[in-house]
Amino acid sequence: MTKKLTIVSIIPLLIFVAIFLSSGLYFDNFYSLPAPIIALFAVVIALLIYKAPMNEKIALFFKGAGDSNVLQMCVIALLAGAFASVAKASGSIDSIVNMGMYYISPQYFPVGIFVIASFLSFATGTSVGTIMTLSPIVFNLATESHSNTALIGASLLSGAMFGDNLSLISDTTIAATQSLGCKMNEKMKANGKIALPMALLSMVILILIGNPEAQNFTHSEAYNNFNVVLILPYIAVVIISLFGINVFVSLFLGILFAGVTGMAYGKYGFLDFTQHTYKGFMDMADIFFLYFIIGGLALLVEHFGGIQYLMNLIAKRIKGASSALLGMGFLVTVADVCVANNTVAILIVSKISKRISEEFKIPLRNAASVLDIFSCYAQGLIPYGAQVIGLYQFAHTMDYGELVMYSIYLHLLLIGTLVYIKLNTQKPSKTNL
């Protein structure tokens with residue numbers, strides 16, 4: 001006799017979301033209470049409420065935490081952090097920023113900032129890092145040229161989310177691909193068929209909009225300090241990955257390339273190189289622990305019927321591949337609105353999304369792309385997300401309504417995804433996003 005599933009099976013997951021959301025609202029900071037600690041508390045709740053011997057439940061937790069996909073996510077995160085740390089220390093980020101800012105005229109600030117932010121976020125894999133790196137420069141230029149700060153901020157936000165969604169070393173890409181079990185380069189190619197055309201269309205629209213409120217000003221000579229060679233490690237990682245080389249290999253080679261480049265230009269010595277590498281590891285400690293604990297929690301929830309319970313809730317509304325993908329998009333959007341963290345949102349719904357993909361024979365690269373796109377769209381626009389909060393640290397009077405309105409790329413990305421899902425799931429032979 002099949003055991004009847006109840007809401008009890010997903011209580012640990014609901015507790016995780018509730019604590020993350022309520023603590024963020026209470027402390028006015030969604031990162032004040034560390035996500036791994038919240039996840040660990042949810043695991044404790046799971047161990048207490050699920051009916052089974054304690055040893056069995058603990059064994060299940062470690063089986064999930066030690067799953068090969070989870071461990072791969074952990075190691076990839078460490079390598080991605082090391083690469084970003086070493087490359088930053090070598091001066092790569094400064095070169096990218098200064099080169100772009102030196103050649104852009106005020107009239108083309110919106111499109112120029114979008115392009116620079118897109119490249120930087122794609123290269124580093126972090127939207128928050130991109131925003132925090134560029135905001136002091138971008139909003140200073142906006143003030144000097146009397147530009148619309150909402151337009152400038154939206155251009156920066158859009159470019160930052162471009163890389164967050166598409167980058168090979170973004171934690172959302174790592175989470176989506178590894179939790180669903182598809183290759184990064186396949187997800188990137190599928191995702192790129194939507195993201196790249198929408199990015200190009202956004203550039204055209206930003207050029208047409210221009211920067212009508214801007215006034216001419218003299219560029220600071222400080223922006224003339226850049227070295228094109230220092231940008232090569234980022235380009236190398238992208239090219240190596242596009243050829244389908246294992247992501248561990250591409251990131252490891254990127255770390256070595258960035259390290260050798262930095263030492264060759266006298267930015268640091270060998271011992272400093274190792275310290276920067278280790279610092280990169282430590283910078284990813286939060287996400288490492290989160291992957292590990294969520295992996296164990298997910299298996300507990302799945303084993304005791306939580307995933308099947310959620311499947312049953314949405315099964316009646318899924319009629320085929322198209323509605324299945326839209327269902328995944330809806331789930332991850334709701335999760336992101338609740339937890340204000342797109343990586344966490346993807347991890348929360350990854351198990352059920354994989355089950356849906358298998359049942360409706362949806363290529364995993366398509367499912368990974370949908371999860372990443374919908375989560376990034378929500379994350380980019382919620383006012384309490386780290387990205388928007390980061391912008392407001394440097395532009396206190398920016399109008400939020402205008403910021404949303406001018407986030408053209410994000411809206412086009414969502415529209416393009418919806419259209420592509422509709423058109424490409426009607427024909428089974430053409431299910432690639």
Side-chain angles (χ1 to χ4, degrees), residues 1-21 33-78 171-172 174-182 284-315 328 331-332 334-335 338-339 341 343-359 364 367-368 371 375:
M1 181 177 178
T2 304
K3 183 179 179 180
K4 183 179 179 181
L5 300 176
T6 66
I7 195 172
V8 173
S9 59
I10 61 167
I11 282 180
L13 204 58
L14 295 177
I15 287 176
F16 173 77
V17 173
I19 295 177
F20 197 108
L21 179 61
L33 191 59
I37 299 299
I38 304 175
L40 186 60
F41 180 76
V43 170
V44 173
I45 297 299
L47 294 175
L48 292 176
I49 68 172
Y50 289 145
K51 295 180 180 180
M54 183 60 70
N55 288 341
E56 178 185 335
K57 290 183 287 188
I58 291 176
L60 282 170
F61 169 78
F62 282 108
K63 181 180 179 181
D67 180 81
S68 61
N69 286 331
V70 173
L71 294 180
Q72 283 183 49
M73 286 194 293
C74 291
V75 176
I76 290 171
L78 292 181
D171 51 4
T172 58
I174 295 169
T177 55
Q178 299 305 307
S179 61
L180 266 67
C182 71
M284 302 301 284
D286 281 356
I287 199 68
F288 180 98
F289 293 136
L290 183 61
Y291 285 160
F292 184 81
I293 298 171
I294 286 288
L297 176 63
L299 186 60
L300 281 170
V301 173
E302 180 183 23
H303 181 82
F304 289 98
I307 303 301
Q308 188 59 50
Y309 178 79
L310 291 173
M311 283 279 290
N312 295 343
L313 285 179
I314 66 174
M328 292 182 214
L331 284 174
V332 78
V334 171
C338 289
V339 302
N341 185 308
T343 303
V344 175
I346 290 172
L347 291 173
I348 288 174
V349 305
S350 61
K351 284 281 186 181
I352 185 173
S353 297
K354 188 170 184 179
R355 292 277 293 276
I356 293 173
S357 300
E358 292 170 348
E359 182 170 338
L364 294 177
L371 290 184
S375 67

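These numbers were taken from a predicted model, which means no experiment stands behind them.
Nearest heavy atoms, Leu290 versus Ala39: CD1-CB, 4.2 Å. The two residues Ser179 and Ala176 come nearest to each other via the heavy atoms OG-O, 3.6 Å. Leu71 and Gly66 make their closest contact through CD1-O, 3.5 Å (heavy atoms, listed as atom of the first residue, atom of the second, distance). Here the closest heavy-atom approach between residue Phe16 and residue Ala42 is recorded as CB-CB, 3.9 Å. Counting all heavy atoms, side chain and backbone alike, Val301 lies closest to Pro12 at CG2-CB, 4.5 Å.
Using a 4.5 Å heavy-atom threshold, the side chains of Pro34 and Asp286 count as separate. Within the 4.5 Å cutoff, no side-chain heavy atoms of Asp67 are placed close to those of Leu299.
Other residues, nucleotides and ligands contribute over 12 non-hydrogen atoms within 6.0 Å of the CG atom of Leu48.
For the atom pair Leu13 CG and Lys351 NZ, the distance stands at 12.5 Å (nearest 0.5 Å). In this structure, CD1 on Ile346 lies 13.0 Å from CE on Met328, to the nearest 0.5 angstrom. Atom OG1 of Thr343 and atom CD1 of Ile348 lie 11.0 Å apart (nearest 0.5 Å). Rounded to the nearest 0.5 angstrom, Leu371 CG and Ser357 OG are separated by 7.5 Å. How far CZ of Phe61 is from CG of Leu47: 8.0 Å, rounded to the nearest 0.5 Å. Ile293 contributes atom CD1, which lies 5.0 Å from atom CG of Leu40 (distance to the nearest 0.5 angstrom).
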Residues Ile49, Ile11; criterion side chain to side chain contact (heavy atoms under 4.5 Å, CB included); working and verdict: CA-CA 9 Å; Ile49 68 172; Ile11 282 180; 3.9 Å; yes
Test side chain to side chain contact (heavy atoms under 4.5 Å, CB included) applied to Val17 and Leu14, step by step: CA-CA 5 Å; Val17 173; Leu14 295 177; 5.8 Å; no
Stepwise side chain to side chain contact (heavy atoms under 4.5 Å, CB included) test for Gln178 and Ser350: CA-CA 10 Å; Gln178 299 305 307; Ser350 61; over 6 Å; no
Side chain to side chain contact (heavy atoms under 4.5 Å, CB included) between His303 and Lys63, intermediate numbers included: CA-CA 11 Å; His303 181 82; Lys63 181 180 179 181; over 6 Å; no
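Remark: Tyr50 engages Phe304 in a ring pair (Phe, Tyr, Trp, His ring centres under 6.0 Å) (not counting sequence neighbours).
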